[in-house]
2 protein chains.
Amino acid sequence: MPQEKESKIQQKLILSKSSTLFWEKGYAETSMRDIANECGFRPANIYNFFENKESILFEILFQEMEDILTPIRNLAEDESIDPRDGLKQVIANHLRMTLGEKRNAKLLFDSGLNNLSPKNRKKIIKQRDEYDRICLSIMSRGKKAGIFKCENERLAVYCIASMIARSRIWYTPDGRNSVDDIIEFMYEFSLKGLGVVKTGAKK
Amino acid sequence: MPQEKESKIQQKLILSKSSTLFWEKGYAETSMRDIANECGFRPANIYNFFENKESILFEILFQEMEDILTPIRNLAEDESIDPRDGLKQVIANHLRMTLGEKRNAKLLFDSGLNNLSPKNRKKIIKQRDEYDRICLSIMSRGKKAGIFKCENERLAVYCIASMIARSRIWYTPDGRNSVDDIIEFMYEFSLKGLGVVKTGAKK
DNA sequence: TTTTTATTTATGAACGACCATTCATTAAAA
DNA sequence: TTTTAATGAATGGTCGTTCATAAATAAAAA
């Protein structure tokens, strides 16, 4: 029975509670007391599992970015995948990660970068660069194949990623649009925006 | 000679310096001492011109939103304007406001809402609703005229607005793309995304 | 114009609150 | 017995804000 070590359990508890608090109230507005309260112990105990407040933030940002990256890492080099499907996978995966669990989500990712030490900030930015690279490679292949007719691939990536990332702001789980609706809409919108006239597979 | 009153001058100075600091460092991370330092006097003096820190934030957010709204208020009802031109005006105006002066811009607008009192927050949200209404009315007219072929107008508005608002994150004034480049790209991208096949006027 | 009065602008010092973090110590688990 | 988990108390710091007061400016009266 590979029972998880106690220390790992508490670490995960702290990360989980902190994540909710950071997203809801913001990093600066969340105190170590808030986190400890939510976990059911005193603030001092947090320091048995984390070096300081910043390391908690970093762990959260890094893991979340990793969750976004992992399912699409293969898309960058795999030449056998239709760029349209690649685009759809990126959009669907990112949107599901973004809108899936969290509620009342604010923009921890963007504002939180400022609260990181230069060393940790660099690590997150490296993840972002990888995300950009994956998307760009899909764009390039789509363009080379004559499917995408976009002039500025980088701007296209930024625009599409912006639509996705910002959905955190306006999306409400009980609204008129499901996550799947949004995925479908953004995919079609992006495809047309990229100059793809006829939808490939009518699925 | 309509010389400005001293009190108004200091108020504007405080607002200007605070705006820069809030955008660069974030609201919570900016102290009244920071603001006073930037203005060249002591913190206590700020309270001769503003009730408290929150009222400064509110004034900034409200004014900025007003700057975005004012130039496009006429677009909501004016039936004589081509929806394509309406769309372009919204994009161009908003982007110019967003990317124009500020640098190192973070997402004050989104995270800052949490720091407002319920009463003030309601006022800003009212402005946002007006923005949405203007965009939606342009969409509807474009759709009714058979120009836009979008199915979900609300999602379309959110997507386009997201591209614009988030450009604050990735835009750099010294980068490869000028503001005008971005305007042109987003306009074309949105137009195609909305199903407009042939560009109306080729400039 | 000068002098007096009122008003505005600016200050230093202090307040209470909360902050992240440290540390010696105890309780629990291995 | 050794390691891990949890605690209470305390530290030094920063925060927004208040307040009595001083300096500067404007208005009114002489």
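Per chain, numbering begins at 1; letters A, B, ... match sequence-line order.
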Given atom [atom1] of [X] and atom [atom2] of [N], what is their separation to the nearest angstrom?
| X | N | atom1 | atom2 | result |
| --- | --- | --- | --- | --- |
| B:Ile35 | D:dC15 | CD1 | P | 11 Å |
| B:Gln11 | C:dA10 | CD | P | 12 Å |
| A:Lys8 | D:dA5 | NZ | P | 11 Å |
| A:Asn37 | D:dT7 | CG | P | 11 Å |
| B:Leu57 | D:dG16 | CG | C1' | 14 Å |
| B:Met32 | C:dC15 | CE | P | 20 Å |
| B:Phe49 | D:dT17 | CZ | P | 16 Å |
| B:Lys53 | C:dA17 | NZ | C1' | 15 Å |

* Any ion pair linking B:Glu66 and B:Arg73 (charged N to carboxylate O, less than 4.0 Å)? ->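 Counted as a salt bridge, because a side-chain N and a carboxylate O are separated by less than 4.0 Å.
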* **Pairing of A:Lys143 and A:Glu151 as salt bridge, 4.0 angstrom limit** => no
Counting only distance, no hydrogens or angles, is the base of [N] paired donor-acceptor with the side chain of [X] under 3.5 Å?
| X | N | value |
| --- | --- | --- |
| A:Asn52 | C:dA20 | no |
| A:Arg42 | D:dG8 | no |
| A:Asn48 | D:dA6 | yes |

Among [options], the nucleotide that comes nearest once only the side chain of [X] is considered:
| X | options | value |
| --- | --- | --- |
| A:Arg33 | C:dA20, D:dA5, D:dG16 | C:dA20 |
| A:Asn45 | D:dA6, D:dG16, C:dT21 | D:dA6 |
| A:Phe41 | C:dT11, D:dG16, D:dT7 | D:dT7 |
| A:Ala44 | C:dA10, D:dG8, D:dT18 | D:dG8 |

* With a 3.5 Å cut-off and no angle check, do the side chains of A:Gln63 and A:Asp67 form a donor-acceptor pair? ->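 Yes - a donor-acceptor pair under 3.5 Å links their side chains.
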* Asked: Side-chain donor-acceptor pair under 3.5 Å between B:Asn48 and B:Asn45, yes or no?
  ->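 Yes, side-chain donor-acceptor contact under 3.5 Å.
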* Has A:Gln10 got a side-chain N or O lying under 4.0 Å from the OP1 or OP2 atom of D:dT4? ->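 Checking A:Gln10 against D:dT4: no side-chain N or O falls below 4.0 Å of OP1 or OP2.
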* Contact under 4.0 Å: A:Ser31 side-chain N or O vs C:dC18 OP1/OP2 ->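 No, outside the criterion.
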* May I ask you to say what A:Tyr47 touches in the nucleic acid, namely base, sugar-phosphate or nothing, with a heavy-atom cut-off under 4.0 Å? =>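 If one applies the 4.0 Å heavy-atom cut-off, A:Tyr47 turns out to touch a base.
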* Asked: For B:Lys12, does its backbone N or O pair with a side-chain atom of B:Ser16 as donor and acceptor, under 3.5 Å?
  -> no
